[in-house]
Trainee: 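Here it is, the structure in full.
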Amino acid sequence: MGETFLRCPLRTPRGRFLVSLPPGGEVLVATPELVGLASGQEFCIPMQEMVAVRLGAASNGKEVVGPSINENCFTVFFVQREKQECWRLGSLEFTAPPASQLAVRWVNSLQIWIHHHGRTRPRSLLVFINPVGGQKRAVEIYQRQVAPLFRLGGIYAQVVETCHANEARDCILHQDLSDFDGLVSVGGDGTFSEVMHALIDRTQRKERGLEATDIDAEVIPPRLRIGIIPAGSTDCVCFATVGINDPVTSALHIVIGDSQPLDVCSIWHAGKLLRYSVSLVGYGFYGDVVRASEKHRWMGPVRYTYAGAKAVLSNRSYAGTVEFQLARTQESSPRDQKRCRSGCLVCSESSKHLSAGGNEGTLAESENHTDGDWQQVQGRFLAVNLTSMSSACPKSPEGLSPCAHLADGTADLILVHECSTFSFLRHLSRHTNRSDQFDLPFVSVYRVRAVRFTPSKVEDHEEGEPAPQERRGLCGGICQGEPPVSCWTCDGETVSHANLSIRVHGSLIHLFARGIEQAASIR
Ligand SMILES: CCCCCCCCCCCCC/C=C/[C@@H](O)[C@H](COP(=O)(O)O)NC(=O)CCCCCCCCCCCCCCC
Ligand SMILES: Nc1ncnc2c1ncn2[C@@H]1O[C@H](COP(=O)(O)OP(=O)(O)O)[C@@H](O)[C@H]1O
Ligand SMILES: [Ca+2]
């Protein structure tokens, strides 16, 4: 059956409607049959947001009644917006006149649309569940809330419940992935990071035979998108790209095949690639917090608050030199009070720029055309933070850098200079509300494409060796017994080297997401 113009009266629980789907149309439109009477309001369902259609009536809003399917009616399942960014599965039953065969025609036409026009929808997914992340509920979350939606959307899912760290990595590196349209991580940022690393590495090594050897070398974007079902401790990548940590919302974004490009930082030490990162790369405060929190993993997500409180009280600062290459961005700055939202113009302009003159896979390289000058700041820092997106999470709903963009090829560098415990707490507490955490004399922020950090004194001793002893205590004086270097955290993983080079790769990966929809509000 080809595409036909469908238009006929149908009965729904909301009243009788004239329902139409123009050929190639993007929305199913229903107008009340009897205008002026209390017969319900006009409504429409964007076809892109239609999850499935089934012949018969829906029972309990999810399944269609089995044995005695009523051939005069069909059920449409679609994305229904609840408050904020939360999505739920909506369903509506349409009843055609008896013996008209209209219900069957509708089901065929809608299914053809979903099949042909919904080409960006995944048909087959490889799912990794980390059963021990966050509050250890990932398996239950997947089985109860996600798997039924994948089934309804006609998606085949091959599920791997991991028994140990790096199992997902090994699987992605060694399994034939040609039959899959995407990977799904059910867990926290650590599980997502494991999946992302394996996918990027696989793309470089296996598909194009490239090893990462040079910070300026091209990194090939992977073909597969990644979906994130939040079931971890911070779930920052999900929160910042979807706007909420909700498994059902994320599953619906996957089923309808949303796509969101995301910048990725590569982290280098002594000419060697150590890791990639999409959220927080932090030295000093966050480096110390994440390293300390590992010892308290048994506490679950609270370990970060516990380690965070201890680190705030110890008020340690670290000497070093930060060099950074400013991004020459006329359209945006870290303090312009604009927010990156679905369909963000800053991001799409930047990817147009990047792809101009480049073939597939050369996006990252054309970044050089917009490179700015290198600058340098030397001093004592409580924290050196870099984030290529807002890094919003439930603890900090606006994020570490509220105006950062998901896919503009830049990251925001935040330098928190040495200050009192009280001042640092003031800065931190502004992450939890809408005050400007950068509007403090000891904080500076830059939009950058690359960063180098060199700790002071590292040249005086080999890394790993006992270092000269000094630290500032609560009193502000010098205390004995602690090394003057911190470590880095990259998306929650500790990197023990202190001197690193970091580069942003614009839109290196794609997620099953669409960015935050809600209009940007002004502080
Ligand atoms: C006074 C209250 C201050 C609250 C300040 C909150 C700032 C939060 C910024 C969070 C940025 C998060 C970026 C996300 C990184 C994640 O990729 C990564 C991995 O997540 P996963 O474990 O789910 O796999 N997570 C992290 O690196 C965790 C960083 C969390 C840092 C929390 C710091 C909490 C500080 C609490 C201070 C309490 C002060 C009390 C003083 C007496
Ligand atoms: N079965 C497993 N046992 C132990 N660790 C695992 C397992 N599966 C995955 N991991 C690792 O657990 C780490 C933390 O997982 P994550 O999902 O980020 O939880 P959290 O958000 O609580 O940190 C990840 O680095 C991941 O590689
Ligand atoms: Ca960015």
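Atoms within a ligand are numbered from 1 in the order they appear, just like the ligands themselves.
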Trainee: Hey, what do you get for OG1 (T489) to CZ (R291), rounding to the nearest 0.5 Å?
Mentor: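 These two atoms lie 10.5 Å from each other.
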Trainee: When only distance counts, is T234 in polar contact with ligand 1, meaning an N/O pair under 3.5 Å?
Mentor: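 There is such a contact, yes.
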Trainee: Give the residues near ligand 2 by chain and number, with the criterion being a heavy-atom distance under 4.0 Å.
Mentor: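 Only N130, P131, V132, G133, G134, T162, C163, H164, A165, G187, G188, D189, G190, T191, E194, G232, S233, R297, R303, E493 have heavy atoms that fall under 4.0 Å of ligand 2, ordered by chain and number.
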Trainee: Close to the Ca ion (ligand 3), meaning under 3.0 Å, how many protein N, O or S atoms are there?
Mentor: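 For the Ca ion (ligand 3), protein nitrogen, oxygen or sulfur atoms under 3.0 Å: 5.
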Trainee: Are any of the N/O atoms in Y286 less than 3.5 Å from those in ligand 1?
Mentor: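 By distance alone, the answer is no.
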Trainee: Does a side-chain N-to-carboxylate-O contact under 4.0 Å join D246 and R88?
Mentor: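 Yes, this pair counts.
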Trainee: Locate the shortest heavy-atom distance separating E398 from A392; write the atom from each residue and the value.
Mentor: C-CB, 4.0 Å
Trainee: Please name all residues satisfying side-chain hydrogen bond (donor to acceptor under 3.5 Å, both in side chains) with S293, sequence neighbours left out, ordered by chain then number.
Mentor: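 For S293 there are no side-chain hydrogen bond (donor to acceptor under 3.5 Å, both in side chains) partners, ignoring immediate neighbours.
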Trainee: Does any N/O atom on S396 come nearer than 3.5 Å to any N/O atom on ligand 1?
Mentor: no
Trainee: Please identify which of these residues, W488, Y318, F424, meets the ring-ring contact (aromatic ring centres under 6.0 Å, His included) condition with F285.
Mentor: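 Among W488, Y318, F424, the one meeting ring-ring contact (aromatic ring centres under 6.0 Å, His included) with F285 is F424.
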Trainee: Atom 11 (C) of ligand 1: which of L400, L425, V312, D491 has the nearest heavy atom?
Mentor: L400
Trainee: Return yes if some donor-acceptor pair links the side-chain N/O of Y283 with the main-chain N/O of S486 below 3.5 Å, else return no.
Mentor: yes
Trainee: Please check if the distance between the ring centroids of H197 and Y276 is under 6.0 Å.
Mentor: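 So the answer is yes for these two rings.
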Trainee: Suppose we screen for ring pair (Phe, Tyr, Trp, His ring centres under 6.0 Å). Which residues come up paired with H174, at least two apart in sequence or across chains?
Mentor: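 None.
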Trainee: Would a distance-only check, ignoring hydrogens and angles, find a side-chain to backbone donor-acceptor pair under 3.5 Å from S185 to I228?
Mentor: no
Trainee: Who's the nearest protein heavy-atom neighbour of atom 40 (C) of ligand 1, and how far?
Mentor: A309 CB, 3.9 Å
Trainee: Can you tell me if H427 uses its side chain to pair, donor with acceptor, with the backbone of S423 under 3.5 Å?
Mentor: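 No: the side chain of H427 does not pair with the backbone of S423.
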Trainee: Backbone, side chain, both or neither: what part of S233 comes under 4.0 angstrom of ligand 1, heavy atoms only?
Mentor: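 The answer is both, backbone and side chain.
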Trainee: Mind checking whether D189 has an N or O less than 3.5 Å away from an N or O of ligand 1?
Mentor: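 For ligand 1, there is an N or O atom that lies under 3.5 Å from one belonging to D189.
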Trainee: Have a look at ligand 1 and work out which part of D235, if any, has a heavy atom under 4.0 Å from it: side chain, backbone, both or neither.
Mentor: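 It is the backbone that gets close, since no side chain atom is under 4.0 Å.
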Trainee: Give yes if a backbone or side-chain nitrogen or oxygen of G190 is under 3.5 Å from a nitrogen or oxygen of ligand 1, and no if not.
Mentor: yes
Trainee: Hey, does the side chain of D235 reach the backbone of G232 with a donor-acceptor pair shorter than 3.5 angstrom?
Mentor: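 Yes; at least one donor-acceptor contact below 3.5 Å.
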Trainee: Please compare F239, F285, Y306, Y304 and report which has the shortest non-hydrogen distance to atom 26 (C) of ligand 1.
Mentor: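 Heavy atom nearest to atom 26 (C) of ligand 1 belongs to Y304.
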Trainee: Between the candidates G282, A311, G187, S279, which shows the shortest non-hydrogen contact distance to atom 15 (C) of ligand 1?
Mentor: S279
Trainee: Working to the nearest 0.5 Å, report the span between CD of E493 and CG of D189.
Mentor: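 Answer for the CD-CG pair, E493 versus D189, is 10.5 Å.
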Trainee: My understanding is that we take every heavy atom of each candidate and find the minimum distance to atom 36 (C) of ligand 1. Doing that for P394, P230, G492, G308, which one comes out nearest?
Mentor: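 Considering heavy atoms of P394, P230, G492, G308, the nearest to atom 36 (C) of ligand 1 sits in G308.
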Trainee: Has the side chain of R514 got a donor or acceptor atom that lies under 3.5 Å from a matching backbone atom of S342?
Mentor: no
Trainee: Counting non-hydrogen protein atoms only, what is the nearest one to atom 27 (O) of ligand 1? Give residue, atom name and distance.
Mentor: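 Result: V290 CG2, 3.5 Å.
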Trainee: Could you tell me the residue and atom name of the protein heavy atom closest to atom 10 (C) of ligand 1, and the distance to it rounded to 0.1 Å?
Mentor: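 Here the nearest protein heavy atom works out to C393 SG, 3.9 Å.
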Trainee: Quick one: does ligand 1 sit under 4.0 Å from the side chain of R303, the backbone, both or neither, non-hydrogen atoms only?
Mentor: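 The part of R303 near ligand 1 is the side chain, not the backbone.
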Trainee: Which residue owns the protein heavy atom closest to atom 4 (C) of ligand 1, what's the atom, and how far is it?
Mentor: T432 CG2, 3.8 Å
Trainee: Please list the nearest protein heavy atom to atom 5 (C) of ligand 1 with its residue and the distance rounded to 0.1 Å.
Mentor: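 Residue, atom and distance for the closest contact: L428 O, 3.8 Å.
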Trainee: Counting distance only, does the side-chain N/O of S396 pair as donor-acceptor with the main-chain N or O of C393 below 3.5 Å?
Mentor: no
